[in-house]
Structure formats: C-alpha cells, structure tokens
Amino acid sequence: QVQLVESGGGLVQAGASLRLSCAASGRTSSSYAMGWFRQAPGKEREFVAAITWNGGSTFYADSVKGRFTISRDYAKNTVYLQINSLKPEDTAVYYCAADRVPRTLVVLKGGDYWGQGTQVTVSS
C-alpha cells in the first residue's frame, strides 16, 4: 500500500512559479514510477508529467514541456512538480499518482495509487 499526499498549491498570478510536492509513504513506495495529473473544472483528467522509479527517465505532456519539471528526492520520499510561468489555463486540481509501470501513468493515464489533490489557481 502506498499513501500519497500533495501540497504546495495555491492562488498565484500569471507568470509566477509554484512547486508542488507529493509525499509518499509505504514500504515499497520508492520502487514506483510517479506521475502528476491535473483536472480543470468541466474537463477530463489530463496527464502532466511522470518519472521512473530510479529517476532515470521523465515524461511530459506536450502542453507543459519547457515549463514543468518533475523530480524526486529519495531521502524525503517526495516527488516534486516545479511549474514556471504559470498561465490561467494551468488552473486545475493537481493529483499525484504512483504505479509500478510508467506506461500506465503516461499512456493509460491511470495509476495504482492516488493522492487527494491540491488546487492551483492562476489569476490573469
């Protein structure tokens, strides 16, 4: 069992930066690929970024390449999503997910475990 807790969201102005955190707990959580998703009001959940269990590979949605960076800190068992140059269209609830298979996160847009989400609101 893996528990995920997101934090770091908030209300910011366009152009600002945020760093979202996803703290993972569970005996084998460090062996999971981790991903970030977002869901805006009235829209489907969207894949944002993922990182393999060893941090060797990262994946990004085309819409966020160049502005979003995913990373993980094994000592803290935490995955981060650095978001720069925020835009109003980035407004959404951001969710963290974990799965043993990166393809599940990146292609199938699913995951074995999910956090409760953190709200990001970008004002223009």
Side-chain angles (χ1 to χ4, degrees):
Q1 192 79 356
V2 175
Q3 294 80 41
L4 304 173
V5 179
E6 302 96 332
S7 61
L11 171 62
V12 297
Q13 290 189 330
S17 297
L18 275 178
R19 189 177 75 161
L20 307 183
S21 300
C22 173
S25 60
R27 190 166 58 89
T28 60
S29 58
S30 62
S31 64
Y32 280 72
M34 302 292 292
W36 286 95
F37 294 77
R38 65 185 181 184
Q39 188 166 21
K43 295 188 177 181
E44 293 187 353
R45 186 173 63 201
E46 174 189 21
F47 166 76
V48 173
I51 187 167
T52 52
W53 72 272
N54 62 356
S57 296
T58 56
F59 309 87
Y60 295 95
D62 288 342
S63 59
V64 305
K65 282 181 181 177
R67 293 194 300 123
F68 288 30
T69 303
I70 189 170
S71 61
R72 65 191 303 170
D73 184 331
Y74 291 94
K76 296 181 178 180
N77 223 3
T78 298
V79 175
Y80 301 101
L81 185 69
Q82 177 69 39
I83 310 175
N84 297 326
S85 303
L86 276 155
K87 304 176 181 179
E89 50 264 43
D90 293 322
T91 294
V93 178
Y94 284 71
Y95 297 92
C96 176
D99 200 277
R100 290 196 180 276
V101 182
R103 182 177 181 274
T104 301
L105 298 168
V106 179
V107 178
L108 302 181
K109 302 185 175 44
D112 284 339
Y113 302 101
W114 293 83
Q116 82 291 346
T118 186
Q119 176 72 48
V120 173
T121 303
V122 184
S123 62
S124 57

If you draw a 6.0 Å radius around CD in Glu44, do more than 12 non-hydrogen atoms from other residues or ligands fall strictly inside?
no
Is the number of heavy atoms from other residues, nucleotides or ligands under 6.0 Å of Lys76 NZ greater than 12?
no
If you take all heavy atoms of [X] and [Y], which pair is closest and at what distance?
| X | Y | answer |
| --- | --- | --- |
| Ser31 | Arg100 | OG-NH1, 3.2 Å |
| Ala50 | Val106 | CB-CG2, 3.8 Å |
| Phe59 | Pro102 | CE1-CB, 4.4 Å |

Nonpolar side-chain network containing Phe68, other nodes, edges under 4.5 Å
Val2, Leu4, Val12, Leu18, Leu20, Tyr32, Met34, Trp36, Val48, Ile51, Tyr60, Val64, Ile70, Val79, Leu81, Ile83, Leu86, Tyr94, Tyr113, Val120, Val122
Determine yes or no for a side-chain-to-main-chain donor-acceptor pair under 3.5 angstrom, with [X] supplying the side chain and [Y] the backbone.
| X | Y | answer |
| --- | --- | --- |
| Asn77 | Ser25 | no |
| Gln82 | Arg19 | no |
| Thr52 | Ser57 | yes |
| Glu6 | Cys96 | yes |

Looking at Asp90 and Lys87, is there a salt bridge between them, counting it only when a charged N and a carboxylate O are closer than 4.0 Å?
no
Atom [atom1] of [X] and atom [atom2] of [Y]: how far apart are they, to the nearest 0.5 Å?
| X | Y | atom1 | atom2 | result |
| --- | --- | --- | --- | --- |
| Phe47 | Ser63 | CZ | OG | 9.5 Å |
| Arg72 | Trp53 | CZ | CH2 | 9.0 Å |
| Arg67 | Thr69 | CZ | OG1 | 10.5 Å |

Quick one: are Gln119 and Thr91 in side-chain contact, heavy atoms under 4.5 Å?
yes
Under the side-chain hydrogen bond (donor to acceptor under 3.5 Å, both in side chains) rule, collect the residues that match up with Asp112, sequence neighbours excluded.
none
Side chain to side chain contact (heavy atoms under 4.5 Å, CB included) assessment of Asn84 paired with Ser17
CA-CA 4 Å; Asn84 297 326; Ser17 297; 3.0 Å; yes
